[in-house]
Amino acid sequence: MLQHRIVIVGAGISGLTAATSLAMRGHKVLVLEKQAICGGLVNSFVRDGFLFDGGIRATENAGMIKPMLAELGIDLPLLPSKVSLDVEDNIIIADTKESLASYENLLKELYPDSTEDVEKVIKVIGKYDVYMQVLFGSDSPFFKDAKRDLRYFLTTFIFWLFRFLATGAAIMRMQMPMEEFLGKLISNDSLRDIISQHFFKKTPAFFAMSYFSLYPDYFYPKGGVGRIPAALQSRLVELGSEVRTETEVVRLDASRKVLVDAKGNEYAYDKMIWCADLKHLYRITTWDTFPKSKMQKMLKEKERVLASRGAESVFTLFLAVDLPPEYFHAISEGHFFYTPSRKGLGELHRSELASMLDGWETLKRETFYSWLDSFCRLNTYEISIPVLNDSSAAPMGKTGLIASFLFDYELTRRIEAGGWYEEFEKHISSSMIEVLSTSVYPQLKENILFSFSASPLRIERTVGSSEGAIVGWSFEEKIPLDATMLTMKKAIRSPIPDVFRAGQWTASPAGLPTCIMTARMAADMVHAELGGK
Ligand SMILES: Cc1cc2nc3c(=O)[nH]c(=O)nc-3n(C[C@H](O)[C@H](O)[C@H](O)COP(=O)(O)OP(=O)(O)OC[C@H]3O[C@@H](n4cnc5c(N)ncnc54)[C@H](O)[C@@H]3O)c2cc1C
């Protein structure tokens with residue numbers, strides 16, 4: 001058996017952040033990763049000369065990623081990644097503070113009878129911009145050092161702390177789901193949909209209404225988002241730690257403090273940080289010799305975790321196109337939220353989806369496909385065009401596109417169980433292509449060189465994310481951990497002795513910033529418990 005002081009499971013952004021943070025302080029860490037490549041939901045790959053990003057498309061800095069890379073001495077070329085927003089043929093670029101006024105005009109042009117509603121929404125977004133600036137607008141204190149940055153702590157930090165606490169209080173007041181919040185604020189249902197349908201169902205209003213402020217904060221690493229985990233992995237190895245890829249952890253013997261991989265290798269640890277799916281942790285954990293009180297706590301949490309669901313997933317279409325980048329740049333920037341119709345999804349992704357699932361056994365295939373075509377026509381697409389950020393991301397004169405929208409895991413699971421996934425995949429892909437070719441990209445369909453797709457099931461199978469979730473727990477139910485923005489720290493220590501956790505299943509709302517924060521906190525706790533100063 002291999003004996004290690006610190007083992008980290010999962011080499012996504014959380015695992016690598018925790019590992020590098022510990023390695024910088026002199027610890028030797030072993031990271032176990034089930035896939036051949038590190039990064040989890042932050043990954044890029046090349047197919048026939050086209051660079052694609054398989055998960056997150058570009059990353060927000062959030063006052064964390066750039067300071068983290070600087071702290072580690074990693075010098076990656078980071079390119080700007082501008083965001084365009086487009087409904088029908090009204091388009092704006094959300095790259096400066098003034099963009100909010102353009103967004104207001106765009107919405108007023110689309111909904112001339114609802115200008116008062118538009119003004120109300122814009123006012124809220126403007127107000128929440130201030131809070132977002134406090135949270136993510138400047139370098140996070142996580143990356144400041146008490147000795148090196150003493151001046152910062154005696155001056156800037158004190159003011160920041162007051163503003164942070166006020167922001168925290170505002171966040172707690174705005175936990176209401178965005179649908180409910182917008183339903184009370186405005187009466188135009190289509191306007192409500194256009195503002196909110198690309199967010200997860202019941203996203204807290206604070207998060208949805210402040211997201212506009214994050215758009216100018218996005219950047220794109222040259223070579224794809226996957227360059228970030230690759231650089232963290234290299235630095236980790238330089239610092240004397242180890243990453244074992246293709247090593248899937250299949251059992252945790254919590255009493256003996258031993259992890260077992262799929263090949264039967266055992267890894268004993270003093271401290272372990274779990275940076276992967278939490279349901280999986282509880283499914284593979286066994287224990288026998290703990291005191292009854294600890295066991296009760298574990299069992300209660302296990303029950304809550306296993307009964308909870310991940311957030312919605314995505315269906316993604318990857319397209320290699322024989323059209324030059326200029327064709328696409330004449331329309332939008334490289335990160336593009338496109339909605340072909342101002343009508344909005346309405347009940348399609350709510351009650352209509354629920355009633356299809358309820359009557360699944362008797363549902364006619366034509367009824368399903370008719371629903372699917374409307375879903376493709378009225379949805380909001382997140383389109384990413386890597387070559388518009390990084391000119392080396394596609395062969396000369398050609399362009400790679402990644403187009404996706406939120407998609408229900410359960411629907412995909414039932415289709416596959418029914419044995420008609422391939423037929424469905426063909427239908428949804430051609431429906432998406434048809435919508436894009438008859439609206440924003442008239443030359444697209446005739447110029448596709450090749451295409452392929454990824455469903456929620458693929459996300460579940462590759463990174464092991466329950467329900468194919470892309471940002472941890474669903475907002476539709478109570479989260480099984482005590483994990484708000486203000487109480488995150490409590491969730492990091494698990495009820496399993498010497499097991500900590502970090503990443504998108506540890507706090508909510510999750511995403512890269514939360515992953516980095518929880519990973520840094522977990523690393524700090526482990527460092528302190530191992531006697532570090
Ligand atoms: C399409 C898409 C768009 C997104 N957009 C944004 C965005 O704009 N902004 C934002 O902030 N976030 C976004 N996210 C979310 C963000 O990418 C994730 O929340 C974040 O990357 C999760 O990191 P993680 O390390 O917690 O988990 P993961 O990335 O899931 O990493 C977990 C790792 O653990 C490994 N693993 C799992 N089980 C085992 C096991 N048993 N043994 C060993 N290894 C195991 C997995 O292979 C994986 O590498 C997006 C995600 C997607 C997919």
Side-chain angles (χ1 to χ4, degrees), residues 7-19 30-43 52-62 64-65 81 83 136 198-200 207 211 214-215 217-219 225-226 228-229 232-233 243-252 259-262 267 273-281 283-285 310-316 335 337 382 384 402-407 454 456 458-466 468-473 501-519 522:
V7 178
I8 294 179
V9 179
I13 196 72
S14 314
L16 291 169
T17 300
L30 174 68
V31 182
L32 304 175
E33 165 56 49
K34 78 170 191 168
Q35 295 190 84
I37 293 174
C38 295
L41 293 171
V42 182
N43 71 82
F52 294 111
D53 300 293
I56 190 171
R57 309 297 163 68
T59 76
E60 64 271 39
N61 176 38
M64 287 178 217
I65 298 187
S81 173
V83 173
F136 297 140
H198 57 292
F199 290 106
F200 304 93
F207 194 66
Y211 214 83
L214 268 189
Y215 291 141
D217 196 39
Y218 272 82
F219 68 88
V225 293
I228 296 176
L232 294 177
Q233 181 184 359
V243 181
R244 284 201 187 181
T245 52
E246 298 183 274
T247 304
E248 181 178 3
V249 172
V250 294
R251 197 157 80 81
L252 164 62
L259 289 159
V260 185
D261 73 18
Y267 309 85
I273 309 180
W274 182 266
C275 296
D277 185 281
L278 268 193
K279 284 197 196 184
H280 192 60
L281 171 66
R283 283 196 190 107
I284 64 166
T285 301
E312 285 140 292
S313 191
V314 282
F315 185 90
T316 308
H335 194 178
F337 290 88
E382 182 177 5
S384 167
I402 310 161
S404 64
F405 42 51
L406 294 177
F407 202 77
R458 184 171 160 73
I459 295 178
E460 184 179 55
R461 283 166 196 160
T462 51
V463 297
S465 200
S466 288
I470 64 167
V471 290
W473 300 113
R501 52 199 170 191
Q504 63 170 5
W505 301 96
T506 309
S508 178
L512 281 198
T514 331
C515 291
I516 291 174
M517 279 191 276
T518 52

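Counting starts at 1 for both ligands and their atoms, following the listed order. Treat the numbers as computed from the prediction; the structure is a model and nothing was measured.
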For [X], counting its heavy atoms only, list the atoms of ligand 1 lying under 4.0 Å from any of them.
{"X": "Val471", "value": "15 (C)"}
{"X": "Pro513", "value": "11 (O)"}
{"X": "Gly12", "value": "25 (O), 31 (O), 33 (C), 49 (O)"}
{"X": "Glu248", "value": "41 (N), 42 (N)"}
{"X": "Val9", "value": "42 (N), 43 (C)"}
{"X": "Tyr211", "value": "7 (C), 8 (O), 9 (N)"}
{"X": "Arg57", "value": "1 (C)"}
{"X": "Val42", "value": "21 (O)"}

Looking only at distances, can you tell me whether any N or O atom of [X], backbone or side chain, sits closer than 3.5 Å to an N or O atom of ligand 1?
{"X": "Ile459", "result": "no"}
{"X": "Gly503", "result": "no"}
{"X": "Ser14", "result": "yes"}
{"X": "Leu41", "result": "yes"}
{"X": "Glu60", "result": "yes"}
{"X": "Gly15", "result": "no"}

- Tell me: protein heavy atom nearest atom 15 (C) of ligand 1, and distance?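 Result for atom 15 (C) of ligand 1: Ile470 O, 3.1 Å.
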
- Task: Show your reasoning for whether side-chain hydrogen bond (donor to acceptor under 3.5 Å, both in side chains) applies to Asp277 and Ser466.
- Result: CA-CA 7 Å; Asp277 185 281; Ser466 288; 2.9 Å; yes

- Message: Quick test of your reading of the structure: of Ile56, Thr17, Thr316, Ile37, whose heavy atom lies closest to atom 6 (C) of ligand 1?
- Response: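 The nearest heavy atom belongs to Ile56.
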
- Task: Would you sort out whether Ser404 and Arg57 count as a side-chain hydrogen bond (donor to acceptor under 3.5 Å, both in side chains), showing the intermediate values?
- Result: CA-CA 11 Å; Ser404 64; Arg57 309 297 163 68; 2.9 Å; yes

- Region of Cys275 engaging ligand 1 - heavy atom pairs below 4.0 Å: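 Under 4.0 Å from ligand 1, Cys275 contributes backbone atoms alone.
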
- Going by the angle between their ring planes, with limits at 30° and 60°, are Tyr215 and Phe337 parallel, tilted or perpendicular?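 Tyr215 vs Phe337 ring planes: tilted.
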
